[in-house]
Amino acid sequence: MGILLYNSLTGKKEPLVTLEPGKVRFYACGPTVYHFFHLGNARMFVVFDTIRRYLEYRGYEVRFVQNFTDIDDRIIQRAHELGISPRELAEENIRYYFEDAGKLFIRRATVHPRVTECVDDIIRFIQDLVDRGHAYERNGSVYFDTSSFPEYGKLSHQSPEDMRAGYRIEVQDEKDDPADFALWKAAKPGEEWWPSPWGPGRPGWHIECSVMNYLYLGEQIDIHAGGRDLIFPHHENEIAQSEAHSGKTFARYWLHNGTLNINGEKMSKSTGNFIMARDLLARRDPRAVRFFLLSAHYRNPLNYTEEALDQAEQALARIDRLIRDLEHRAEALQTMRGALDRAEEVPSDAARSDVEQIRRAFIQAMDDDFNTADGMAAIFDGVRLVNTRLEDGGVNLGDLRLYRDLFVELLSVLGIPKKDEARLEDEIERLIAERAEARKRRDFARADEIRDQLRHRGIVLEDTPYGTRWSYES
RNA sequence: GGCGCCGUAGCCAAGUGGUAAGGCAGAGGUCUGCAAAACCUUCACCGCCGGUUCGAAUCCGGCCGGCGCCUCCA
């Protein structure tokens with residue numbers, strides 16, 4: 001029995017069958033970098049980082065792409081307010097993204113493409129759509145012709161006719177049909193622009209994701225993920241663009257996480273109903289914040305309260321105490337080595353069987369549409385079982401280590417490092433960010449210094465064209 | 001108006017046909033110099049009303065309450 005995942009496209013749980021056996025092409029919508037991200041954004045990042053980790057845990061090679069939208073109305077607007085250029089604002093917020101994401105133990109994607117790096121590819125992609133009769137130009141803007149794509153609406157389960165009934169905003173006359181959407185926006189005076197066959201302008205909101213998928217994952221991908229509120233119009237439009245372009249099915253599985261609520265309503269920057277991840281992380285244990293974000297199933301709504309966070313902190317402390325207890329006992333036994341048969345380093349059959357049972361329960365829960373709440377329950381069942389073993393005595397050194405490694409393993413699948421390592425991972429991310437800055441300044445002395453410093457601590461850095469990844473030296 | 005989601009103990013939260021996981025908080029107990037931790041015990045008429053079924057938190061219908069999307073949104 002393999003992994004089942006809920007597919008928004010079909011409304012059903014389906015077995016995971018990837019395009020290429022053993023490999024997953026996974027795209028998650030990333031942030032528009034005009035500000036810090038809030039806890040609702042954080043939930044999405046944490047959820048899909050956890051799914052990525054779990055897929056890897058189950059043996060898949062995951063190519064995980066997450067974009068930065070660094071061209072956008074809000075970026076232009078906020079940059080203007082702050083009196084800096086849109087580029088400066090975006091750069092700054094990308095840096096803040098990595099800082100805050102690092103604190104939440106969100107790993108770097110395989111690739112973090114930026115819209116500004118893909119403008120030429122975007123223009124080519126739009127030109128292809130125009131050539132194939134799926135898009136048309138009006139006054140320097142280009143629009144997607146939804147009537148040219150009969151399956152438009154298949155993700156949000158609405159036909160263009162249904163949607164028409166709900167239009168809140170008076171339609172621009174420029175478009176042939178109100179359901180059509182912009183691929184390329186003609187520049188208004190004073191706005192940032194790029195040259196194109198249709199005149200100066202910039203990419204529309206949805207096109208970047210289609211193009212980045214195409215560039216970094218190919219015409220067809222396995223999993224496309226994002227917040228529930230992106231189903232329409234963003235993901236619907238992405239499907240239209242990508243499938244009109246390739247003539248093939250774009251993503252096999254669409255995953256959407258539920259909203260994070262505060263005061264019973266969706267956390268949202270535009271309504272002012274939000275709490276910045278950065279502010280929360282400054283006063284709360286990041287491990288507990290991550291634990292809280294995973295305490296509900298990812299598709300369900302999750303309500304933020306201080307009390308829920310307190311409870312997450314207490315619950316996590318229970319696991320931490322057991323791990324610490326196991327380590328302390330192991331240390332004690334080690335100093336008595338030879339004096340007792342309990343110093344035996346080969347784990348007993350009983351302990352092996354316990355560990356297998358706990359791991360199996362965890363996998364069974366997570367295989368079922370990444371049910372982290374159930375997975376946590378499996379961990380707590382394990383905590384009780386192992387505590388019972390410790391009460392009964394007769395646990396040898398090998399057993400202690402086996403148990404300890406199990407809990408560290410399962411927590412790490414959820415992206416929660418062992419308590420005393422949390423600070424370390426955070427620090428590594430910070431150093432990598434600092435090194436990236438240094439490299440950008442061509443200050444290679446400082447960059448190498450950081451690399452050497454980390455190497456001495458058993459951490460290997462690897463620079464890829466798409467960023468730096470790190471791992472423990474094996 | 002259209003599409004969709006949610007309502008499980010004081011709190012958080014799994015569970016989609018066979019008489020309710022897990023966590024937090026609480027109560028009682030064991031252990032302990034005291035305490036903590038740990039362990040044991042304890043704590044639910046699954047929003048309401050009908051229906052289907054031998055059997056429903058789970059399926060169907062209706063109602064009540066809350067929420068999301070319908071071109072700013074994760």
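Below, chain A is the first sequence line, B the second, and so on; all start at residue 1.
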Span that lies between the C1' atom of G23(B) and that of C34(B), in whole angstrom: 29 Å
Least distance between heavy atoms, Ser148(A) atom then His134(A) atom: OG-ND1, 2.6 Å
Which nucleotide in A21(B), C69(B), C39(B) has an atom nearest any side-chain atom of Asp229(A): C69(B)
Neighbour count above 12 (heavy atom, 6.0 Å) for Gln364(A) CD: no
No-hydrogen, no-angle side-chain donor-acceptor test under 3.5 Å, Asp176(A) and Tyr143(A): no
Check nucleotides 28-34 of chain B against the protein and report each pair of N or O atoms closer than 3.5 Å, with its distance, or say if there are none.
none

Distance below 4.0 Å between Asn261(A) side-chain N/O and C67(B) OP1 or OP2: no
Qualifying residue, where the test is ring pair (Phe, Tyr, Trp, His ring centres under 6.0 Å) with His206(A) and the options are Phe232(A), Phe181(A), Trp184(A): Phe181(A)
Side-chain donor or acceptor of Glu236(A) paired with backbone N/O of Ser156(A) under 3.5 Å: yes
Within residues 29-44 of chain A or reaching into it, pairs that qualify as side chain to side chain donor-acceptor pair (under 3.5 Å) - sequence neighbours excluded: Thr32(A)-Arg74(A), His38(A)-Asn41(A)
Selected nucleotide, minimal atom distance to Arg74(A) side chain, candidates C72(B), A38(B), G23(B): C72(B)
Shortest side-chain distance from Ala373(A), nucleotide among G22(B), A14(B), A38(B): A14(B)
Short N-O contact, Arg284(A) and Asp310(A), less than 4.0 angstrom: yes
d(CG, Asp369(A); P, G15(B)) in whole Å: 9 Å
Phosphate-side-chain proximity, Asn371(A) and A14(B), N/O vs OP1/OP2 below 4.0 Å: no
Working for side-chain contact (heavy atoms from CB on, under 4.5 Å), residues Asp73(A) and Lys185(A): CA-CA 11 Å; Asp73(A) 290 344; Lys185(A) 292 174 148 179; 3.4 Å; yes
No-H, no-angle donor-acceptor pair, Lys269(A) side chain to C72(B) base, under 3.5 Å: no
Touch class at under 4.0 angstrom, heavy-atom based, for Ile379(A) against every strand present: nothing
RNA chain B: 5'-proximal contact among Gly30(A) and Pro233(A) (nearest heavy atom): Pro233(A)
Lys13(A) or Gly226(A), whichever maps to the more 5' nucleotide of RNA chain B: Lys13(A)
Of the listed nucleotides C69(B), G2(B), C67(B), the one nearest the side chain of Glu265(A): C67(B)
Non-hydrogen side-chain atoms of Glu92(A) and Tyr96(A) separated by less than 4.5 Å: yes
Backbone N/O of Arg252(A) and side chain of Asn7(A): donor-acceptor pair under 3.5 Å: yes
C1' atoms of G17(B) and C54(B), separation to the nearest Å: 12 Å
Distance, C1' atom - from A20(B) to C5(B), rounded to whole angstrom: 23 Å
C11(B) to C48(B) separation - C1' atoms, rounded to the nearest Å: 23 Å
Span that lies between the C1' atom of G28(B) and that of C43(B), in whole angstrom: 12 Å
Within residues 296-320 of chain A, residues whose heavy atoms come under 4.0 Å of RNA chain B: Ala296(A), His297(A), Asn300(A), Leu302(A), Glu307(A), Gln311(A), Gln314(A), Ala315(A), Arg318(A)
Under 4.0 angstrom between Arg228(A) side-chain N/O and C69(B) OP1 or OP2: no
